[in-house]
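Here is the structure we will look at.
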Amino acid sequence: MSLEGESFELREIQRLEGHTDRVWSVAWKPSTGVDGVPAVLASCSGDKTVRIWEKSPSTGSFQCKAVLDETHTRTVRSCAWSPSGKNIATASFDATTAIWENVGDEYECVSTLEGHENEVKSVSWNASGSLLATCGRDKSVWIWEVLPGNEFECVSVLQGHTQDVKMVQWHPHVDILFSCSYDNSIKVWLEDGDDDWHCVQTLTEANNGHTSTVWALSFNASGDKMVTCSDDLSLKIWGVDVMNTKSGEGYAPWKHICSISGYHDRTIFSVDWSSEGIIATGAADDAIRLFVENKDNLVDEPMYKLLLKKDKAHEMDVNSVQWSPEGDKLLASASDDGTIKIWELVSV
Amino acid sequence: MDSPEPSSIEDIFDSTLNLEETHLKEGYKEGYADGLVSGKEEGRQVGLKTGFEVGEELGFYRGCVDMWNSAIGVDPTCFSSRVMRTIKQMDDLLRKYPIEDPEDESVSEIMDSLRLKFRAICATLNVKLEYNGYPKVSDAEKNEF
């Protein structure tokens, strides 16, 4: 998609209603929405349920196909599909992480991971689907190995953050884990080759990092850049020499490339980098913003520019934004107003 | 000081003039000496309590590790290799813990590591093992006094 010299609009396609409390997070099912497979989206909410939405091939609109309930006893804060799309993991304030298996149109809870002392805030599968990471209010990050027969074995309990850990996210290609926290830092975790995981880098204010809570992070398609969003009203872009991230060649540290500030005036809760290079943010000012790399290459120009701002995208805080895996076509957003919206980026 | 008064008069009034300062100094000295005694006793009590707590936590882990090792002795395949390795690591850490040297800087690092490994084993075995410890101060006071 060429973004030069065109103006764009984020057009609301559909508003998904059904949750009876704030919606915290959305996740597109991998390998759906392409090759005739209808797009599937999962959403999780303060109403303790997860809803599965599927795009109808005939009408083109999303319909709720399943409600995953009666398992979590408190808010479901985060959900993540396994790379195969066979399983979905849900992290809840009830201190557990549930693993659901998709059989036909049914979803069955096949495992419950217990270990966190209290609220689990985020869950993430690694690229191969062999490892699962969780984090939470007890300041710890957990790594679980996925074994045959829906068994999960705890690989490591990692302590390092000094506050609530908001999000865990695996690198899209290699088994490096990233976590961000209320302690304003981002930590990078790596296995030492002997089943022991360690923090190999901490990105703080001293590394040009954030000065307040880091809420979320996302990677670009090639995995050599990462964007983080924060309560300090800025986005930060970090980069690494991708050649060195291959395992067995030592660890290449991540470095601050630039900060995107001056665009947000309330907390940025969510950030997602599309496969085609568009960074979307969801913030406490109810707006969605899109940013793209500035290709003008002028010395004094910022490296990223605002593509568009969608004011009043929701009636309340935008908690999560997520690009569909089919590319830039669809963006899903979740809000405190209890709704999910599906957006299409169109040129006007 | 080039004072015009003769030195004999200064001597007479000297102790009177410095009365307040003298008392202050004496009071400080007495207070300091008393503080040393009571501070030492207080420190002893805190040390006893903390030492006891550390001891009972270490003892609890020792007991768990011994129990797991016994289970492995009966059935070497009862745990996964990762759990067995973690049990071994806990065993090593417990042996390494410098019980006789509380000022050794490695104590907190070893204790943190023990706690994390214990949580990992419990999560994998899907067991809730918790030792609440000896009755806490509030309960203990009721019993003692």
Side-chain angles (χ1 to χ4, degrees), chain A residues 89 91-92 94-99 109-118 120 123 130-162 165 168 175 177 179 187 189 191-199, chain B residues 53-54 56-58 60-65 67-69 71-72 75-97 104-133 136:
Chain A
S92 167
D94 67 11
T96 70
T97 305
I99 309 296
C109 178
V110 292
S111 194
T112 308
L113 312 184
E114 294 176 34
H116 280 285
E117 283 169 20
N118 40 46
V120 189
V123 59
S130 62
L131 296 170
L132 191 73
T134 58
C135 66
R137 191 161 81 86
D138 64 6
K139 305 169 193 170
S140 64
V141 171
W142 292 57
I143 296 173
W144 308 80
E145 188 184 7
V146 186
L147 301 175
N150 295 315
E151 290 285 322
F152 287 79
E153 186 169 51
C154 176
V155 177
S156 199
V157 184
L158 305 168
Q159 209 101 48
H161 283 294
T162 56
V165 188
V168 278
D175 286 341
L177 183 66
S179 60
K187 280 185 178 284
W189 308 88
E191 197 206 337
D192 65 0
D194 198 27
D195 208 38
D196 273 327
W197 289 77
H198 299 281
C199 176
Chain B
E53 283 167 3
V54 169
E56 68 176 350
E57 188 169 358
L58 289 173
F60 173 62
Y61 295 143
R62 179 79 263 162
C64 290
V65 168
M67 177 187 72
W68 289 325
N69 279 333
I72 295 167
D75 176 8
T77 62
C78 64
F79 300 129
S80 71
S81 57
R82 178 177 284 129
V83 169
M84 295 212 339
R85 190 165 56 240
T86 315
I87 292 169
K88 174 78 169 56
Q89 286 169 343
M90 280 190 76
D91 203 337
D92 293 343
L93 285 169
L94 285 162
R95 284 173 209 283
K96 213 168 75 179
Y97 192 98
D104 187 317
E105 282 173 10
S106 70
V107 290
S108 61
E109 195 184 309
I110 293 178
M111 189 60 102
D112 288 345
S113 186
L114 277 168
R115 287 174 182 155
L116 294 180
K117 289 187 190 305
F118 181 71
R119 287 176 77 185
I121 293 172
C122 288
T124 296
L125 300 182
N126 212 355
V127 291
K128 280 207 177 79
L129 287 172
E130 223 168 304
Y131 181 58
N132 295 325
K136 294 283 178 273

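Note that these values count all heavy atoms, side chains included, but never hydrogens, waters or copies made by symmetry. Note that this is a predicted model, so its numbers are computed, not measured. Residue numbers begin at 1 in each chain, while the letters A, B, ... track the order of the sequences.
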* Structure fact -> Nearest heavy-atom contact between B:L116 and A:V157 is CD1-O, 3.5 Å
* To do: Taking side chain to side chain contact (heavy atoms under 4.5 Å, CB included) as the test, write out the residues that go with A:A98, two or more places apart.
  => A:T71, A:H72, A:T90, A:W100, A:C109
So which donor and acceptor atoms of chain B and chain A come within less than 3.5 Å of each other?
| unit_1 | atom_1 | unit_2 | atom_2 | d |
| --- | --- | --- | --- | --- |
| B:S80 | OG | A:E153 | OE2 | 2.2 |
| B:R82 | NE | A:D195 | OD2 | 2.8 |
| B:R82 | NH1 | A:E145 | OE1 | 2.6 |
| B:R82 | NH1 | A:E153 | OE1 | 3.0 |
| B:R82 | NH2 | A:E145 | OE1 | 3.0 |
| B:R82 | NH2 | A:D195 | OD1 | 3.2 |
| B:R85 | NH2 | A:D195 | OD2 | 2.6 |
| B:R119 | NH2 | A:G115 | O | 3.4 |
| B:R119 | NH2 | A:D138 | OD2 | 2.9 |
| B:T124 | OG1 | A:C154 | N | 2.7 |
| B:K128 | NZ | A:E114 | OE1 | 2.9 |

